[in-house]
Number of protein chains: 2
Amino acid sequence: MKSTIKDVAKMANVSISTVSRVLNNPDIVAKDKRDKIVEAIKQLNYTPNALARGLIHKRTQTLGVLIPDISNLFYAELIKGMEDAARESGNNLIICNTDNNQDRKNASFKVLSEKQIDGIVFTSEPVFPDNYELFKQLGVPIVLAATHSLEYEIPSVKVNDEQAAFDATEYLIRQGHRQIGMISGSMLDPISGLPRIQGFLRALRTHGIELDPDTCIEYGSYHFKDGYEAVKRLHKKFPEMTAVFATSDERALGCISYLHENKIKVPDDISVIGFDNTRMAGMCFPKLTTVAQPLYEMGQLVIRKLDRMINGEPLEELRTYMDHWIEERETVYNLTK
Amino acid sequence: MKSTIKDVAKMANVSISTVSRVLNNPDIVAKDKRDKIVEAIKQLNYTPNALARGLIHKRTQTLGVLIPDISNLFYAELIKGMEDAARESGNNLIICNTDNNQDRKNASFKVLSEKQIDGIVFTSEPVFPDNYELFKQLGVPIVLAATHSLEYEIPSVKVNDEQAAFDATEYLIRQGHRQIGMISGSMLDPISGLPRIQGFLRALRTHGIELDPDTCIEYGSYHFKDGYEAVKRLHKKFPEMTAVFATSDERALGCISYLHENKIKVPDDISVIGFDNTRMAGMCFPKLTTVAQPLYEMGQLVIRKLDRMINGEPLEELRTYMDHWIEERETVYNLTK
DNA sequence: CTGAAAGCGCTTACAG
DNA sequence: CTGAAAGCGCTTACAG
């Protein structure tokens with residue numbers, strides 16, 4: 001049986017108040033008693049009950065994290081950053097896998113609320129009005145990771161997707177490509193869909209490249225298989241393309257897999273650039289050139305922001321946009337040489 | 001401000017006992033009061049405080065999970081299985097990344113203990129005597145995932161590593177390979193090191209293949225980079241090898257990366273078989289043939305076992321060994337054709 | 001069927 | 001410097 005503060009008090013022959021004091025403010029108690037109490041704590045292997053403490057302090061040092069798909073490598077890096085930052089600030093994470101499912105999302109909010117978490121991080125998905133209602137009901141600080149909201153005043157940390165897509169496309173153009181295809185998420189996705197398409201098209205425009213969006217863009221979900229299928233359709237309707245911008249590493253790998261199978265060489269025949277720079281990008285063959293997001297650092301920053309809000313400290317900025325960069329590896333061919 | 005049971009009681013004009021009853025045993029309270037209370041709960045957006053409940057019931061519906069390296073894809077699948085099973089049984093997971101670091105492990109045990117978690121899962125690492133002491137001190141049920149202990153009576157779920165390594169090696173032999181190298185974890189690792197070496201050597205012996213372990217085995221950590229370095233050394237001292245068994249997918253990919261770079265074709269010149277069957281295995285090129293572990297199912301089973309123990313139900317078996325299989329893809333060449 | 005009271009394990013004014 | 005008491009938000013016998 002776990003020992004309680006009462007057991008310690010009894011063993012040390014003091015009141016529980018005094019035990020509580022050596023736990024929270026040791027200097028204030030007389031050395032002899034303090035020593036006896038410390039000894040009793042060790043003997044009994046006592047650890048304070050965080051539930052009781054939480055009830056009093058209205059603080060649990062626990063943060064809730066909503067993740068759409070925990071088996072995605074993207075979140076592995078992000079979670080690691082959050083986990084490390086949480087440890088630094090004395091917090092623990094309860095991670096809820098929502099499976100892109102609204103019911104599970106609601107259920108997660110409910111248990112997190114019951115467990116009295118101090119704050120919440122909401123990942124990747126757009127904030128719809130009903131989500132916002134839930135946030136307000138929860139009544140705890142919230143930070144958005146890898147997503148943001150322009151409608152609501154919610155702190156967020158992400159990359160500038162439009163600019164990142166612009167840079168990726170421009171990078172291909174600088175390597176001499178002009179027939180460029182894109183494999184994208186839905187235009188209806190206001191976070192990683194539409195903005196990346198806009199960035200892509202802006203780069204084309206900026207460099208005077210005229211391509212019909214209907215023929216140079218193909219859509220699909222972010223899974224490997226979807227990248228595979230999308231590039232098949234894309235290649236069929238746009239056979240002259242020399243490069244493709246796939247807006248996730250997984251899509252890019254699916255894309256490369258299809259091309260390989262059809263004896264189309266990457267990058268010699270068709271170049272591929274991905275998005276995310278998950279660890280996979282450096283482990284595949286050929287190694288994937290990709291738009292890098294600082295996932296680990298994003299995770300850290302999200303938790304640090306959240307911790308500030310919980311402590312009532314002011315935020316330097318509401319919406320933080322972190323720097324992305326092009327991680328040059330082996331899947332883009334330089335046509336200008 | 002979050003509303004409490006008092007607020008609900010006041011609004012519904014009843015005592016808090018009655019509110020508590022409609023929460024826990026609604027049938028027992030008169031319909032008119034019940035309706036008023038339900039209405040008040042909705043109005044106030046009341047959710048019960050799990051801390052207070054936990055204090056009374058000595059149950060938090062929260063499980064602690066210790067993971068050595070959360071950014072490893074291996075754990076992504078495992079965690080997903082655990083997460084899903086936990087949701088089914090009404091539990092939440094607190095995941096602690098230990099970074100293979102003893103201090104962090106101790107710290108994690110401490111906070112998990114303070115948070116009054118109902119059970120714990122300990123992943124991948126061998127159970128040393130001091131770990132066992134910690135387990136006992138925690139005083140909650142524990143299950144081992146992807147590891148086991150022969151010294152202590154602790155429930156566990158894993159694959160039979162010796163047999164899996166045997167099967168992988170025999171698979172290569174059946175494909176006509178006789179000059180087979182191995183890239184392994186340390187012989188000092190009693191979980192995924194030594195047993196796999198033993199299985200490898202047993203397969204060689206069984207098929208009358210005489211190879212000196214010193215020349216056909218090379219060691220390294222499980223990271224991509226280590227697989228890369230290890231195969232470099234292995235190939236130098238064992239140039240006639242036609243196949244290599246790398247005991248993790250990451251090692252295998254590092255290995256393939258090195259071979260590619262040195263114009264050694266996989267599988268035409270050298271075949272590679274991995275271990276784990278993480279999602280990466282199906283996304284790389286060529287697609288990795290590997291020993292598959294049912295990671296998702298392992299995760300589920302671990303949590304189900306733990307939940308049983310917490311509920312005082314008997315376990316069908318202490319140490320569960322799940323079936324592995326060879327996932328045939330594209331990195332092993334059949335020499336017999 | 002319902003309320004008052006005790007108690008879960010702590011912390012924190014309040015006296016002394 | 002230290003102890004008794006109240007209270008955090010609930011549940012659960014105990015009366016009635």
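Below, read A as the first sequence line, B as the second, and so on, with proteins coming before strands; counting in each chain starts at 1. Here the structure is a predicted model, which is why all the values come from computation and not from measurement.
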Task: Length of the CZ-C1' vector between A:Arg59 and D:dG9, whole Å - done: 19 Å
Task: Whether over 12 other heavy atoms sit under 6.0 Å from A:Leu318 CG - done: yes
Task: Rounded distance in Å - CD1 (B:Ile56) to P (C:dC10) - done: 15 Å
- [ ] Figure out the OH/P separation between A:Tyr46 and C:dG9, and round it to whole Å.
- [x] 10 Å
Open item on the list: Quick one, A:Thr62 and A:Gln116 - any side-chain contact, counting heavy atoms below 4.5 Å?
Closed with: no
TODO: Kindly give the heavy-atom pair with the smallest separation between B:Thr147 and B:Ser156, and that separation in Å.
DONE: O-CB, 3.3 Å
Open item on the list: With a cut-off of less than 4.0 Å, is there a side-chain N or O of B:Lys58 near OP1 or OP2 of C:dG9?
Closed with: yes
Task: Shortest non-hydrogen contact from B:Leu73 toward A:Ser71 - done: CD1-O, 4.1 Å
Open item on the list: Looking only at the side chains, is there a donor atom on one of B:Ser20 and B:Ser17 sitting less than 3.5 Å from an acceptor on the other?
Closed with: no
TODO: Using atom CG of A:Asn13 as one end and atom P of D:dT2 as the other, report the distance to the nearest whole Å.
DONE: 13 Å
Task: Canonical and wobble pairing (Watson-Crick, G-U, under 3.5 Å) of DNA chain D, dot-bracket with | - done: |||.||||||||.|||
Task: Gap between atoms CG and C1', on A:Asn49 and D:dC8 respectively (whole Å) - done: 13 Å
Task: Any B:Ser15 side-chain N or O less than 4.0 Å from OP1/OP2 of C:dG3 - done: yes
Task: Between A:Phe135 and A:Phe122, ring centroids under 6.0 Å - done: yes
Open item on the list: Near DNA chain D, counting only heavy atoms under 4.0 Å, which residues of residues 108-119 of chain B show up?
Closed with: none
- [ ] Please work out if A:Thr4 contacts a base, only the sugar-phosphate, or nothing of the nucleic acid, heavy-atom cut-off 4.0 Å.
- [x] sugar-phosphate
- [ ] Apply salt bridge (charged side-chain N to carboxylate O under 4.0 Å, His left out) to the pair A:Asp27 and A:Arg34, showing each step before the final yes or no.
- [x] CA-CA 9 Å; A:Asp27 302 336; A:Arg34 198 199 314 149; 5.3 Å; no
Open item on the list: Any base atoms under 4.0 Å from B:Ile16, or only sugar-phosphate, or nothing? Heavy atoms, all strands.
Closed with: base
Open item on the list: Contact list please: residues 18-38 of chain B against DNA chain D, heavy atoms, distance less than 4.0 Å, in numerical order.
Closed with: B:Ser20, B:Arg21, B:Asn24
Open item on the list: Here's a test of your reading of the structure: between B:Val14 and B:Leu55, which maps to the more 5' nucleotide of DNA chain C?
Closed with: B:Val14
- [ ] For the side chain of B:Ser17, starting at C-beta, report the closest nucleotide among C:dA5, C:dT11, D:dG9.
- [x] C:dA5
Task: Distance, rounded to the nearest Å, where A:His57 contributes NE2 and D:dG7 contributes P - done: 17 Å
Open item on the list: Output the rounded distance in Å from NZ (B:Lys10) to P (C:dG3).
Closed with: 15 Å
Task: Side-chain (B:Asn49) to main-chain (B:Leu51) donor-acceptor, under 3.5 angstrom - done: yes
TODO: Evaluate the side chain to side chain contact (heavy atoms under 4.5 Å, CB included) criterion for residues A:Leu150 and A:Arg319: first the C-alpha distance (whole Å), next the side-chain angles of each, then the deciding distance (0.1 Å), finally the verdict.
DONE: CA-CA 9 Å; A:Leu150 269 13; A:Arg319 301 183 183 88; 4.0 Å; yes
TODO: Specify the separation, in whole Å, of atom CD1 of A:Ile5 and atom C1' of C:dC10.
DONE: 6 Å
Task: From B:Ile70 atom CD1 to B:Tyr75 atom OH, the distance as rounded to the nearest 0.5 Å - done: 10.5 Å
Open item on the list: Does B:Lys2, at its NZ atom, have more than 12 non-hydrogen atoms belonging to other residues, nucleotides or ligands within less than 6.0 Å?
Closed with: yes
Open item on the list: Is there a side-chain contact between A:Lys6 and the phosphate of C:dC8, meaning an N or O under 4.0 Å from OP1 or OP2?
Closed with: yes
TODO: Give the C-alpha distance, both sets of side-chain angles, the deciding distance and a yes or no for salt bridge (charged side-chain N to carboxylate O under 4.0 Å, His left out) between B:Glu133 and B:Lys136.
DONE: CA-CA 5 Å; B:Glu133 284 310 310; B:Lys136 282 202 304 189; 3.8 Å; yes
Open item on the list: Which nucleotide wins on minimum distance to the side chain of A:Ala52, given the candidates D:dA4, D:dG9, C:dC10?
Closed with: C:dC10
